[in-house]
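I have placed the structure first, in the form of structure tokens, so that the comments after it can refer back to it.
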Amino acid sequence: MGMKKEGLKLFENGKRIDGRAYDELRPIKMEVGVLKRADGSCYLEWGGNKVLAAVYGPRECLPRHTQDPLKARINYRYNMAPFSTDERVRPGPSRRSIEISKLSKEALEHVIFTEYFPKTSIDIFVEILQADAGTRCAGLTAASLALADAGIPMKSLITACAAGKIDGKVVLDLGKLEDNFGEADLPIAYMPRTKELVYLQMDGDLTKDEFKEALRLALKGCDEIYRIQRDALKKAYEGEVNGR
Amino acid sequence: MGMKKEGLKLFENGKRIDGRAYDELRPIKMEVGVLKRADGSCYLEWGGNKVLAAVYGPRECLPRHTQDPLKARINYRYNMAPFSTDERVRPGPSRRSIEISKLSKEALEHVIFTEYFPKTSIDIFVEILQADAGTRCAGLTAASLALADAGIPMKSLITACAAGKIDGKVVLDLGKLEDNFGEADLPIAYMPRTKELVYLQMDGDLTKDEFKEALRLALKGCDEIYRIQRDALKKAYEGEVNGR
Amino acid sequence: MGMKKEGLKLFENGKRIDGRAYDELRPIKMEVGVLKRADGSCYLEWGGNKVLAAVYGPRECLPRHTQDPLKARINYRYNMAPFSTDERVRPGPSRRSIEISKLSKEALEHVIFTEYFPKTSIDIFVEILQADAGTRCAGLTAASLALADAGIPMKSLITACAAGKIDGKVVLDLGKLEDNFGEADLPIAYMPRTKELVYLQMDGDLTKDEFKEALRLALKGCDEIYRIQRDALKKAYEGEVNGR
Amino acid sequence: MVDENEIVWLVKKDAVADMIKNGKRSDGRKAYEYRPIEIITDYVKRAEGSAYIKLGNTQILVGVKMDVGQPYSDSPNMGTLITNAELVPLASPVFQPGPPNENAIELARVVDRGIRESKMIDFEKLCITEGEEVWNVLIDIHVLDFDGNLIDAATLAAVKALWTAKMPRYEDGKVIYEDKKDSLPVSKKPVACTFARFGNVSILDPSLEEEKSMDGKITITTTDDGKICAVQKSGITKISVPELENLIDVALEKGNEIRKTYLG
Amino acid sequence: MVDENEIVWLVKKDAVADMIKNGKRSDGRKAYEYRPIEIITDYVKRAEGSAYIKLGNTQILVGVKMDVGQPYSDSPNMGTLITNAELVPLASPVFQPGPPNENAIELARVVDRGIRESKMIDFEKLCITEGEEVWNVLIDIHVLDFDGNLIDAATLAAVKALWTAKMPRYEDGKVIYEDKKDSLPVSKKPVACTFARFGNVSILDPSLEEEKSMDGKITITTTDDGKICAVQKSGITKISVPELENLIDVALEKGNEIRKTYLG
Amino acid sequence: MVDENEIVWLVKKDAVADMIKNGKRSDGRKAYEYRPIEIITDYVKRAEGSAYIKLGNTQILVGVKMDVGQPYSDSPNMGTLITNAELVPLASPVFQPGPPNENAIELARVVDRGIRESKMIDFEKLCITEGEEVWNVLIDIHVLDFDGNLIDAATLAAVKALWTAKMPRYEDGKVIYEDKKDSLPVSKKPVACTFARFGNVSILDPSLEEEKSMDGKITITTTDDGKICAVQKSGITKISVPELENLIDVALEKGNEIRKTYLG
């Protein structure tokens with residue numbers, strides 16, 4: 001948020017800079033089971049984002065003193081590949097990636113039946129191979145599918161999406177330019193059935209009404225993405241049934 | 001030690017740059033029991049120094065392989081808050097703070113009855129919130145009171161003070177300017193009853209006679225500070241008795 | 001490899017820049033048992049290289065979870081002293097030293113009877129005190145003698161030496177200038193009896209025939225160095241017998 | 001191993017949660033009531049600005065330091081802001097020495113976001129020479145005694161420290177810390193309100209005891225002009241849209257109270 | 001403790017090794033046969049060059065980034081090359097988060113050496129102002145799925161990424177990543193061939209199963225003009241001179257095949 | 001767990017201490033007697049100065065390197081000094097690889113303080129261009145065999161290395177290490193004397209066996225002109241003022257002897 005844009009129009013004649021309507025998502029596709037070594041995996045493209053999620057576990061939690069005797073320990077590592085952005089990303093965790101990992105882990109911990117697997121860890125790794133805006137939502141959406149692919153029992157899938165504000169207008173799913181020069185960003189994740197939020201952040205500058213409108217749009221985005229998630233799982237399941 | 005001062009007079013007409021006599025301490029005040037979470041604590045102001053000391057323990061020493069089966073392990077962490085000096089201090093231990101912590105720990109280990117608490121650790125944390133000169137002595141003096149406040153049995157309190165040399169004159173308790181441009185500094189800590197030294201460092205340039213004079217002054221300073229320490233404990237004890 | 005040399009002749013009139021013939025080693029000397037604390041040690045000079053190797057073990061492998069229940073764990077730490085080169089070397093492992101340590105460890109693991117000492121570690125430390133070219137070969141040659149000095153049972157000693165290419169000519173044992181401006185370097189280590197290679201790296205630019213010639217020269221160098229190794233051990237053994 | 005202490009704790013945790021779900025807090029506060037607040041500014045003279053805050057038994061010292069450095073290449077005419085939090089082991093038996101862990105990082109980032117996104121600092125006025133030299137503002141959050149709700153306390157102290165800070169002089173490539181005069185170019189007063197979540201019940205300003213029993217928490221930072229500038233959900237909790245909208249109303253109202261009383 | 005799993009594994013390991021010593025591979029390949037290879041270039045748009053490779057079930061993404069910095073003082077008129085490998089824990093149950101370990105470092109250095117020593121990059125053409133500004137080429141090897149023989153796959157992908165990379169523009173002290181046009185100054189196509197060793201038997205392109213059973217391995221990197229530019233023995237194996245010379249012949253031949261098929 | 005070895009060790013420790021309290025040392029030395037000393041200068045040619053020292057069975061190599069950098073802002077016309085000690089695991093079974101621990105840091109700092117506070121180096125003469133370029137002097141203490149009393153041995157070797165060092169040439173922004181000629185601007189010869197403490201008994205130059213049994217130690221560094229430039233108490237010991245004054249007398253006397261014999 002907050003860079004000066006000097007004359008750049010992000011919203012003009014009812015259209016956004018990439019031609020989308022205010023409530024339109026970027027193109028999204030997902031595929032599960034793309035990695036051989038991982039217990040579950042998902043590849044996701046969302047606009048210019050390319051994201052890979054893998055799940056290992058439940059497996060013995062090591063070192064032992066980190067085990068929880070009553071439930072599985074969830075680890076989540078959001079990581080940007082060095083070549084995923086214009087300026088090369090230094091390998092290793094940053095303050096930003098540590099925060100995203102913490103909040104994403106907590107969102108998933110809410111839906112995983114961790115009490116079924118005491119003393120184990122369930123390790124979720126998300127690699128951002130190419131970054132547009134919205135990588136935390138893309139990562140969490142992919143991670144949720146990778147968990148399903150790994151057969152980890154969950155109360156619910158999780159679906160994530162953001163809304164934001166550009167040129168004073170609340171819109172769905174900010175792209176990279178919109179994110180750089182926009183006025184607000186509201187990434188959320190929800191549980192599709194109850195529409196309760198399990199991930200929630202916001203930064204920028206929103207009135208209460210704008211906030212409500214942004215929430216409404218983000219939830220609408222989640223609804224669409226949830227359909228794509230179900231289709232990806234269905235496709236994988238059919239593949240499996242057909243002996244692929 | 002050793003910065004060039006170019007014309008600055010540190011000692012003139014029997015007075016120091018802040019108006020003190022050669023054998024005069026800066027104003028000192030102390031209060032124990034200032035923190036809720038710690039087992040013992042002390043807040044100390046000494047000239048421009050503001051120091052907070054906390055004690056946790058005896059508590060189980062972790063990780064286990066660091067336990068001593070015959071006595072308590074003493075840990076001491078001297079730390080400068082980032083905003084405690086003009087140039088911001090980078091968080092985390094420096095070579096200087098590691099050395100001060102080691103020597104301070106050893107001074108306290110001499111007086112704590114560590115053999116009463118095998119397999120435990122007694123953890124002493126000293127935060128320099130605002131630094132003038134003499135923070136290691138201020139920290140050790142406060143730590144000693146925090147230990148008493150925590151009820152840790154000790155052979156003796158410890159009292160620390162420094163003497164130094166400015167403009168060729170041996171004086172008590174250097175201030176910041178005096179420390180920057182002075183010629184020697186001799187921080188010590190002693191056990192009040194026996195006047196034996198348990199902390200001792202010196203750097204600078206002293207003849208044997210100057211060294212003896214500096215020692216004498218530092219011991220005199222310790223005597224005064226010891227009185228203030230006792231008053232602070234007495235006040236806290238009375239408070240306790242009166243049900244504060 | 002690969003620096004531009006601009007007019008510098010490395011090989012002229014059948015002689016190299018330091019006067020050596022193409023198949024001539026730099027002067028080498030070795031002495032074992034030079035350190036008191038280590039279980040085995042060796043000091044080696046090779047041209048301008050000064051190298052010290054020490055062996056500790058077999059000793060309990062700590063932390064315990066790193067123990068191998070079936071054999072000894074071999075550790076090898078190649079380290080350059082900060083003052084060993086013109087530009088001061090930053091203390092601590094570099095990517096280069098980590099790679100050299102790994103390959104050297106594997107070479108020695110091939111000859112040590114590790115299965116005799118389960119759950120232990122055998123720790124080999126190599127300090128490059130002064131670096132000319134060829135420090136990895138010098139270190140490995142010295143380490144092999146230090147192991148013998150420590151009485152660690154081995155299938156075979158190991159002897160290391162390099163050949164290289166300068167001004168299009170394949171030569172033995174590159175010196176510093178030759179290494180900086182040369183065209184290829186082939187460090188190897190062998191087991192003297194079978195002449196099988198246990199260490200092998202190459203970088204540069206060699207035709208197949210040049211590669212064969214370089215191998216032949218390096219093996220010849222190893223033969224000479226092996227004689228010096230045996231003499232050093234003999235001398236130490238005689239010293240011991242004579243009660244030194 | 002589930003040891004006895006842990007079982008005792010699980011029982012206690014449930015008791016605290018049950019009480020709160022029944023509308024009661026162990027210290028008698030109402031659901032949306034802050035503990036007593038005490039603030040001392042200019043606590044540390046070497047800092048350009050500083051504020052000590054006591055919120056219930058939570059004690060924090062925030063210092064603002066300034067130095068001069070290069071701007072980021074994508075904002076060559078703007079000063080910079082870095083916010084750092086140290087959970088030093090003096091403040092709690094569970095804080096460990098070492099680099100900031102995920103909790104310290106989250107604390108620093110939520111405080112930073114509230115300040116940055118409120119646009120309370122006019123970063124363009126912190127430019128000395130475009131593309132070359134700008135002022136860096138460094139906020140350090142030093143927790144002294146940890147009794148819950150660090151985010152609200154640290155945000156309030158940081159905003160107070162920024163409002164009372166004095167800039168050092170910059171001359172001949174050197175920062176003259178001995179000579180501080182001008183105020184920082186600040187407007188706005190962002191206030192963070194943190195709600196602990198127990199099931200579907202929310203309470204403002206959780207104490208440590210409450211934080212140990214809660215599912216998670218939600219922080220909403222608002223500004224003087226009735227806007228929301230930062231939100232953060234943390235911990236293993238969910239929230240419905242109506243309840244979130246309710247908390248926003250509370251945060252806007254409580255934010256105004258805090259602003260009037262402590263940032264007036 | 002030697003647990004049961006370990007004993008099972010030791011038995012399996014011996015079985016794999018015995019089979020290979022008898023001239024058979026579990027996936028039916030010949031001794032000197034590569035698994036199927038699939039390459040996609042320009043996989044990542046933000047990188048100056050990139051190549052995704054699938055070698056059997058091993059998947060790697062290599063990205064080439066460029067920026068501008070100072071040259072080394074002993075080669076003031078040359079650009080620089082840095083090669084880094086991350087064995088991210090997504091790619092294998094045994095990879096750990098954290099800084100590169102000795103295996104990741106060796107991987108990066110062997111790939112780097114093959115590229116550097118082949119002289120495929122004309123570093124003099126990457127000089128902008130002698131002694132002051134040169135292009136840095138940064139190769140990042142990002143392993144996605146680990147099923148053996150990372151060196152050959154990463155070298156091939158890195159060479160492909162360098163050949164297809166486009167340099168950004170450099171103007172007024174800034175790299176303009178939005179505008180990439182010129183190719184890198186590259187010639188030559190180094191190819192790495194890695195042989196796993198089982199006793200005195202060598203097989204090309206080991207799978208993970210084979211790597212877990214092998215004694216060690218030998219990598220030979222060759223160039224178009226029939227030269228050898230890098231060799232590396234790794235693991236606890238020995239080799240005789242005649243067998244090494246044999247592997248060099250194989251590497252030269254296989255290198256030409258790979259070059260023709262994938263780098264043509 | 002108190003294992004058997006530990007009990008054996010505690011018994012032995014007491015025996016050593018008892019003997020020393022009775023005025024005897026296991027190697028027959030007098031209380032204030034050094035072990036034999038052997039020094040070789042210019043041991044390492046790549047260093048600007050170096051000295052190998054053997055003190056009893058303690059062996060240390062000290063190297064002095066120089067390069068050019070920026071001065072500190074509070075002393076723009078002075079060169080700088082950095083002293084570093086590495087307790088490499090080659091030198092003792094108890095030294096661990098890794099960054100310097102508190103013992104290595106204390107060793108480096110006590111040696112540094114002795115050299116710095118004696119004013120033996122004229123830092124103003126190490127200024128090249130005020131405020132911009134000055135010489136950095138880097139002293140590296142590399143312990144090779146650890147048999148006690150590192151401080152005295154390292155100080156002596158460091159002073160010797162500084163006195164025999166030759167400065168490289170500096171030309172066109174480059175340090176020419178191939179061409180060294182001028183001596184460093186040094187005067188004075190600080191000498192450190194370390195006394196091990198057993199109860200109220202002090203002995204000079206403790207061996208490793210003695211260090212393992214001692215309560216603590218006191219180092220006193222003196223200069224040619226009979227002054228004291230550094231003192232450090234280390235370990236869990238106390239000392240009375242009269243005993244301290246006695247040790248200062250011994251240190252002044254022994255310092256002169258060492259200076260005459262080894263720094264003459």
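In the text below, chain A, chain B and the rest are named by the order of the sequence lines, each starting its count at 1.
Between chain B and the options F:Gly216, F:Ser234, F:Gly226, F:Ser118, heavy-atom pairs under 4.5 Å are most frequent for F:Ser234. Interface check for chain F: of the options B:Glu87, B:Lys105, B:Arg96, the most heavy-atom pairs under 4.5 Å are formed by B:Arg96. Taking F:Glu106, F:Glu102, F:Lys238, F:Lys227 one by one and counting their heavy-atom pairs under 4.5 Å with chain B, the maximum is reached by F:Lys238. Top candidate by heavy-atom pairs under 4.5 Å with chain F, chosen from B:Lys212, B:Arg95, B:Glu210, is B:Arg95. When the candidates F:Asp215, F:Leu244, F:Leu252 are compared by the number of heavy-atom contacts under 4.5 Å with chain B, F:Leu244 comes out ahead. Taking chain B as the reference chain and counting heavy-atom pairs below 4.5 Å, the highest number among F:Ala230, F:Ala108, F:Gly235 is found for F:Gly235.
A salt bridge links F:Arg109 with B:Glu99: the closest approach of a Lys/Arg side-chain nitrogen to an acidic carboxylate oxygen falls below 4.0 angstrom.
Other residues, nucleotides and ligands contribute at most 12 non-hydrogen atoms within 6.0 Å of the NZ atom of B:Lys71. Counting non-hydrogen atoms of neighbouring residues, nucleotides and ligands closer than 6.0 angstrom, the CD atom of F:Gln70 reaches no more than 12 such neighbours. Residue F:Lys125 places its NZ atom among 12 or fewer non-hydrogen atoms of other residues, nucleotides or ligands, all under 6.0 Å distant. The number of heavy atoms from other shown groups lying within 6.0 Å of CD (F:Glu245) is above 12.
To the nearest 0.5 Å, the span separating OG1 on F:Thr219 from CG on B:Leu200 amounts to 10.0 Å. The line from OG1 of F:Thr237 to NE2 of B:His110 is 6.5 Å long, rounded to the nearest 0.5 Å. Distance check, rounded to the nearest 0.5 Å: CD1 of F:Ile236 to CD1 of B:Ile74 gives 8.5 Å. Of the inter-residue distances, the one linking F:Ser240 atom OG with B:Leu197 atom CG reads 8.0 Å to the nearest 0.5 angstrom. How far CD1 of F:Ile220 is from CZ of B:Phe211: 6.5 Å, rounded to the nearest 0.5 Å. Rounded to the nearest 0.5 Å, atoms CD (B:Glu196) and CD (F:Glu243) are 11.0 Å apart.
Residues F:Val241 and B:Arg216 form no side-chain contact, since every pair of their non-hydrogen atoms from C-beta on lies 4.5 Å or further apart. Residues B:Leu103 and F:Gln232 form a side-chain contact, since some pair of their non-hydrogen atoms from C-beta on lies under 4.5 Å apart.
Contacts of B:Tyr190 with chain F are absent, with no heavy-atom separation under 4.5 Å from either backbone or side chain. Neither the backbone nor the side chain of B:Leu186 comes within less than 4.5 Å of any heavy atom in chain F.
Side chain of F:Lys233 to main chain of B:Val198: a donor-acceptor pair is present (N/O by atom type, distance under 3.5 Å, no hydrogens or angles).
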